[in-house]
Each structure stands twice: as structure tokens, then as C-alpha cells.
Trainee: 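Supplied in C-alpha cells, the structure appears directly below.
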Amino acid sequence: MARVFNFSAGPAVLPESVLAQAAEEMLDYAGTGMSVMEMSHRSKAFIDIHAHAESDLRELLNIPKNYKVLFMQGGAAAQFGILAMNLLGDKTQADYVYTGQWSKKAISEAKKFCKVNVVASSEDENFTYAPAQADWKLDPKAAYVHYTSNETIGGVEFQWIPQTGDVPLVVDASSHILSRPLDVSRFGLIYAGAQKNIGPAGLTIVIVREDLLGHASSICPEVFNYKVQAEADSMINTPPTYAIYIAGLVFQWLKKQGGLESIEKQNIVKSQCLYEYLDQSEFYHSPVRKSDRSRMNIPFRLKNEALDDAFLKQAKAAGLMELKGHRSVGGMRASVYNAMPLAGVHALVAFMRDFEKQQA
Ligand SMILES: *Cc1c(COP(=O)(O)O)cnc(C)c1O
């Protein structure tokens, strides 16, 4: 068996020990004689898996008691509309921060439900920075303020949490959730698709403050109604059971790593290793403002773009996969989520150094 270093932006690398445990438990989970995939979501075994996953997530993120954790489906992109249906209530507008491809999609979906005020944008510099709070033009009449705390494609990460006064703060944290500690109490709602830093695609995590429940629009489908799902322990219909099981194993793995403070330290070391190499190089460069660079998604360019194809081909031959940047921006991107070992980053930097030498 040969495992590669997988730098995919998502679905993405998972901890090898999690995959090994899942393999071991595939045919007979804990003496039940069946796979978790085959189990009723109402069975005791699955209800335990579900409850453990939730309590481990609560422990990792230190989620206050007045927040509900929902395990939903449809991906982060479904939440773009679902959150508007649930949070607008009798308000007719919401504030959005426009920092790249994912916030763009969130905005265009929200426009189906309300008036969207774009209160800050980094479009003027091709989405390479996080607009400073002082430049945001918040409207106190907004139902909520939405931003994308880590733009997966542009590689821009907010290193701070915005202040929005009494207006609930809503965040798409899909691509960096669990990469660092987070003060959940600063948010009205946090959501994330699982396939970046949590587990398999198909599961979406929603963490929502209780007072925001119960305002869903009458046309909101029951399965997407936060209050209905909260009251049913996310089981108003069949939840993505296997994805929840794997997410639960990832949460246990994170606890074994020492929790989020410790994983953050590792993420700082990994991302600095790559950024320091990029910054001293004449051959590659990072387009993102230094203060706002993502620790998870690291876009970079070869100064001579004619070499892009050769770079990707040789990287692949060296077992370094999925380094091509998103089709909307080009160049390269290395996603170095929690489960990417430091050895993967070292192998990438060594390859980049060799490639640079070979072209010199
Ligand atoms: C991947 C991603 C999404 C979309 O997730 P889906 O699960 O495909 O809907 C949305 N926002 C961000 C920040 C992402 O990284």
C-alpha cells in the first residue's frame, strides 16, 4: 500500500489512524455484527456514536450550553440559503462581507431571500486580504452579519473575530474549523461542511445560539429548520450516519493530539514552513497579504507560469497530489488541513526547492 501526500482542498486528507480504525470496524462495529453504514439511526449503537460525536465536538470547541449542535446535510452551500430562511424572521436585509469565491456564492444565494448589503469587500485587490473592521459599513437593521472566515480558494483567513454589536454574527468556517481554538460565544451561528477538516462530504455542522431558533420562514423545509432539527437531535430524518461516525473518530483523534491549542501549534509550524520558503524564493510567490494568510489553504504561483504543467506533473510523480489551484484563480494551492502531517509539508518544500534548482 502506498499512501500519497494529498493536498486537496476538499474532500481532503483524513488522519490515517482514523481510516485504519474505520477499516477495522467496517464489518463488525463493536460486536454488533454489522457496519455502522448498515445500522438504524435509532439503534442504541448509533445513538451512542452520535452523542459521543456531539459531546467531543462540544469539548473541543468549548461550546457554551446555550448553543445547539446540529448535524445536517446539503453541504455548506445549502446553508447559504438555509441560514437566511432560518434567521431573517421579520427582517428584510442582511449584511455580507465579500472576500472571495465562497462569500460570493453565499451572497448570491442570500439575494433570493432578502436584500443583501455588501458591507465590506476585498475585490479591489483581487481578494488577497481581509478587510479591516474599521472599513465595514454595518447596518443595525440587518438580521445578521455574514462572513467567510477562511476563503478556501483565495487562501485568506481572518485572524480576528468581527464585532457586530447586537446583530448576530454568522460565519462560514468550512475550511478552518477545528484548526485553532474558537470563542463560540462571539457568534450567533457557525457552519461548516465536513469534507475539509472534519470528515466525509455529506455532513454539515451547524452550531447555533438558542435564541436564534424558532424564526424560520413558513416555506422552510422541515429538515432544514434549525429548531425542528435541534428538538429532534438532528434526526427529524435519517442523518448522514456514516459521516457522523467518521467525524466522531476525527474528534477523538483531535483530543488525542491534545485538543485545539495543540493542533493550532502544529498548524502554525506547518504553514510557516511553506510561507517562509515562498517568501525567500525568487521562483515562487504568495499573492496573499501577510497578515491575512491562511494556515489551511496556501495558494502560490510560479513566476513563470509556463512551468505550471511541468511542476504539477513532477509533483504527482513524487507523490504530492492535488496541488493545482482552483480553476477560477489558477496557479497552485497546497491545502494543509489538520490531518496533513508535517512530513508532507517538508516533502513539498523539498520538491519545490529541487524543481527550482532544476529550472535555474
Ligand atoms: C468547500 C466550501 C464550501 C462548499 O461546501 P459544500 O459542502 O460543497 O457545499 C462553502 N464554503 C467554504 C468556505 C468552503 O470551503
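In listed order, ligands and their atoms are each counted from 1.
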Trainee: Kindly compute the distance separating NZ (Lys104) from CZ (Phe127), expressed to the nearest 0.5 Å.
Mentor: 7.0 Å
Trainee: Is there a ring pair (Phe, Tyr, Trp, His ring centres under 6.0 Å) between Tyr242 and Phe46 once you walk through the steps?
Mentor: CA-CA 9 Å; Tyr242 198 75; Phe46 184 74; 10.0 Å; no
Trainee: Measure the distances from the heavy atoms of Asn150 to every atom of ligand 1 and state whether one is below 4.0 angstrom.
Mentor: yes
Trainee: Which heavy atom of the protein is the closest neighbour of atom 11 (N) of ligand 1, given with residue, atom name and distance?
Mentor: Asp172 OD2, 2.6 Å
Trainee: Atom CD in Glu264, atom CZ in Arg180: separation rounded to 0.5 Å?
Mentor: 5.5 Å
Trainee: How long is the gap from CD1 on Ile177 to CG on Leu61, to the nearest 0.5 Å?
Mentor: 5.5 Å
Trainee: Consider only side-chain heavy atoms of I, L, V, M, F, W and Y, link residues closer than 4.5 Å, and tell whether Tyr337 and Trp253 are in one cluster.
Mentor: no
Trainee: With a 4.0 Å cut-off on heavy atoms, is Ala76 touching ligand 1?
Mentor: yes
Trainee: Look at atom NZ of Lys303 and say whether more than 12 heavy atoms of other residues, nucleotides or ligands are closer to it than 6.0 Å.
Mentor: yes
Trainee: At what distance is the nearest protein heavy atom to atom 9 (O) of ligand 1, and which residue and atom is it?
Mentor: Ala77 N, 2.8 Å
Trainee: Tell me which one of Gln195, Glu151, Lys196 gets a heavy atom nearest to atom 2 (C) of ligand 1.
Mentor: Lys196
Trainee: Please could you name the atoms of ligand 1 that Ser174 approaches to less than 4.0 Å, counting only its heavy atoms?
Mentor: 11 (N), 12 (C), 13 (C), 14 (C), 15 (O)
Trainee: Give the atom numbers and elements of ligand 1 that come within less than 4.0 Å of a heavy atom of Thr152.
Mentor: 12 (C), 13 (C), 14 (C), 15 (O)
